[in-house]
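For ligands, and for the atoms within them, numbers begin at 1 and follow the listed sequence. These figures come from a predicted structure and were not determined experimentally.
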Amino acid sequence: MSDTDRPTMSTAPHMYIHYCEETGCNEWGSWGNSQSAAAPTRWWCFEHFPHKTYEQEQVLRRRLEAAGVDVQ
Ligand SMILES: [Zn+2]
C-alpha cells in the first residue's frame, strides 16, 4: 500500500471555511467585515456580527423575540 498515488493534502482546498469567531459559537460566519483591503476579513454569525446597522439590529431583535429569547 502506498500513499504516493493519493492527491496531496499539503495544499489547502481553495474554499475558505469560516465560522463565527465568537468564542463558543459554532454558527456559520456568514457576516464578514474587513477594516481595510489589506486586513484579513473576520467572520461572525448574524447574532454576533459587531458591525450591524441599527436596522439590522432591529431585525435580529425581532428574530430573537419570535424565537422566544428574552431580549432587554
Ligand atoms: Zn456567533
Side-chain angles (χ1 to χ4, degrees):
M1 198 169 138
S2 169
D3 278 340
T4 53
D5 57 350
R6 289 195 304 182
T8 177
M9 290 304 287
S10 59
T11 52
H14 199 68
M15 193 177 71
Y16 181 55
I17 307 295
H18 51 81
Y19 289 94
C20 176
E21 68 169 47
E22 183 80 9
T23 306
C25 180
N26 296 313
E27 295 289 317
W28 177 248
S30 54
W31 290 72
N33 181 270
S34 180
Q35 298 301 320
S36 75
T41 306
R42 300 170 66 189
W43 298 93
W44 295 267
C45 68
F46 184 51
E47 188 175 340
H48 292 126
F49 185 62
H51 304 284
K52 285 193 286 288
T53 65
Y54 177 79
E55 287 75 17
Q56 288 168 337
E57 198 71 62
Q58 299 311 301
V59 169
L60 175 62
R61 257 166 193 279
R62 281 198 296 273
R63 216 184 262 187
L64 290 175
E65 281 166 358
V69 177
D70 195 21
V71 284
Q72 289 83 36

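- Contact annotation: the side chain of E27 never approaches that of F46 to less than 4.5 Å [non-hydrogen atoms, C-beta and beyond].
- Two residues are said to be in side-chain contact when any heavy atoms from C-beta on lie closer than 4.5 Å; L60 and F49 fail this criterion.
- A centroid separation of 6.0 Å or more is found between the aromatic rings of H51 and W31.
- Formation of a donor-acceptor pair under 3.5 Å by the S34 side chain with backbone atoms of A39 is found in this model.
- Counting only distances under 2.8 Å, and ignoring water, the protein N, O or S atoms around the Zn ion (ligand 1) are C20 SG, C25 SG, C45 SG, H48 ND1.
- Annotation: salt bridge (charged side-chain N to carboxylate O under 4.0 Å, His left out) contacts of E57 (sequence neighbours excluded): none.
- For the atom pair SG (C45) and NE2 (H18), the distance works out to 12.5 Å, reported to the nearest 0.5 Å.
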